[in-house]
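The structure appears below as structure tokens.
All ligand and atom numbering here is 1-based and tracks the order in the structure. The residues of the chain are indexed from 1 along the displayed sequence.
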Amino acid sequence: MEFLKSLGIEGINPGTSTGCRHFESKESISSFTPSDGKKIATVGTTTREQYEHVVAEAEKAFKVWREMPAPQRGDIVRQIGEKLREYKEPLGKLVTYEMGKIYQEGLGEVQEMIDICDFAVGQSRMLYGKTMHSERPQHRMYEQWHPLGIVGIISAFNFPVAVWSWNAMIAAVCGNVMIWKGSEKTPLCGVAVQKIVAKVLKENNLPEGIFNLVTGDREVGEWMTEDHRIPLISATGSTRMGREVGKTVASRLGKTILELGGNNAIIISENADIEMAIRATVFGAVGTCGQRCTSTRRLIIHESVYDQVKERLMNIYENITIGDPLDEDTLVGPMIDEGAVENMQKALEAIKEQGGEVIYGGEVLDEDGFYVRPALAEVENDYDIVQQETFAPILYLIKYETQEEAMVMHNGVKQGLSSSMFTLNMREAEKFLSAAGSDCGIANINIGTSGAEIGGAFGGEKETGGGRESGSDAWKAYMRRQTNTINWGDSLPLAQGIDFDV
Ligand code: UN1
């Protein structure tokens, strides 16, 4: 495997790594490729002792990093972006090989990392605070933004590298140091990224503890969430996981950025460009084999175009090429593992039990890899199963009559990540984007639910957790705001005009 060699991760890998250094571990987790279920490598897991070492190194590195001017930190991030450009192909291949998304999406994921690096470089010169006019004479007031310290990043298998970069690159220009725990299902991706970043740190003579990687299961995540030395935990994953993380971090009054489950819908109105809507729907529903938090799960279709949409979808689904994700002709790769396949099968059963009908697909296609045929099901929005996020390529078709009804169904789930409406009618579109419209963090017109650009703030409402990552002013969550008042006069007037003579 040429790409493993060029990433320097061929064969067995040692465990915990702060940056340049790696430590041997006694225990390990295995990395498998979902393309044929074969083991790729073994990666050591972080012991408590190693974890303590990592935190100590991170604390030391913070003292250096926070003193470096933000634009200079931006320059380090620029160099990381350059290295990622250099390694785009092998890293994209590794994402595909270890996670199972098709190569185009693997490349897209690395591109997302490069994009956020570019964004963060610019942001490093724009960590703006406001200045205020003091109510007191000869006083100056302003606010400034300081780094928090160690930022803990917990990411999921489905975006094994990009989600780290949204957090880490922005947090880095803000002056923070990072401890990253990736998914135990994609440990090699973490090691590969760590190696790329370590090169940049070394070339610039910077402490290895700026970017740290820990590996392991839930327990390692718990060490992080319970650790008062980590003021901010940014976690991406299921709502169940987010609830635990949120509770633990809140109990020590730490900060969180939570990016949890979605139950994203597209409304196809009678005024839609149907072909465009169909293309967006298919990408959203079967892309990454339905394992994006932004995947399209519900299709809310106006009754007048329902049959047309359904037929066209069945037609396209029949022709989707499913197979080896590294093969250029493949549109749908495997699911991540056996558990994911089982989960999908259970959901298909539940659809039938609850009164729905699976009208296409759902079959498990082989024994070795974890290939399934994406499914279409006709359901009602209030079925228990439709109310849940099933991390699989199942698309629910739901019929509506009036726009009001569509909106109620659209918002009638507990999650609130991404949403979209296909319509060429301006009133309908604006209503969907208004305060009375979509209740999600992302709302699109004539674009699907998945594949957001990095420039906007990414995240959602309700059980999606409320966090925002990536673009816009999401950087503020990685910093602490300080209000400063300076008295440059020779008297001491008190605010609110209080008279206090001593
Ligand atoms: C995720 O699935 O956790 O908007 C992130 C998208 C991608 C990111 C998805 N840019 O689909």
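Of all protein heavy atoms, the one closest to atom 9 (C) of ligand 1 is F159 CE1, 3.5 Å. With respect to atom 10 (N) of ligand 1, the closest heavy atom belonging to the protein is E112 OE2, 3.0 Å. Among all protein heavy atoms, the one lying closest to atom 11 (O) of ligand 1 is T294 OG1, 2.6 Å. The single protein non-hydrogen atom nearest to atom 3 (O) of ligand 1 is C293 SG, 2.7 Å, given as residue, atom name and distance. With respect to atom 6 (C) of ligand 1, the closest heavy atom belonging to the protein is G451 N, 3.2 Å. Ranking protein heavy atoms by distance to atom 4 (O) of ligand 1, first place goes to A452 N, 2.7 Å.
Close contacts between ligand 1 and E259 involve ligand atoms 3 (O) [criterion: under 4.0 Å to a heavy atom]. Of all the atoms in ligand 1, the ones that sit under 4.0 Å from a non-hydrogen atom of R292 are 2 (O), 6 (C), 7 (C), 11 (O). Close approach of ligand 1 to W166 (heavy-atom distance below 4.0 Å) involves ligand atoms 5 (C), 8 (C).
Salt-bridge annotation for E82 and R85: present, with a side-chain N of the basic residue lying under 4.0 Å from a carboxylate O of the acidic one. Using a 4.0 Å cut-off between charged side-chain N and carboxylate O, E184 and R218 make no salt bridge.
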* Asked: Run the side-chain contact (heavy atoms from CB on, under 4.5 Å) check on S470 and I116 step by step: do they pass?
  -> CA-CA 7 Å; S470 197; I116 198 72; 3.6 Å; yes
* To do: Under the salt bridge (charged side-chain N to carboxylate O under 4.0 Å, His left out) rule, what do E318 and R373 come out as? Steps first, then yes or no, please.
  => CA-CA 9 Å; E318 270 165 23; R373 204 181 293 287; over 6 Å; no
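Note on ring orientation: taking the six-membered ring where Trp is involved, the planes of F3 and Y97 are perpendicular (angle over 60°, cut-offs 30° and 60°).
Proximity of N158 to ligand 1, defined as any heavy-atom pair under 4.0 Å, is confined to the side chain (atoms from C-beta onward).
In this structure the side chain of Y400 reaches within 4.5 angstrom of the side chain of H302, judged on heavy atoms. The shortest distance between side-chain heavy atoms of T248 and E222 does not fall below 4.5 Å. Put simply, the side chain of Q111 reaches to within 4.5 Å of the side chain of I114, judged on heavy atoms.
Annotation: S450 places no N or O atom under 3.5 Å from an N or O atom of ligand 1; distance criterion only.
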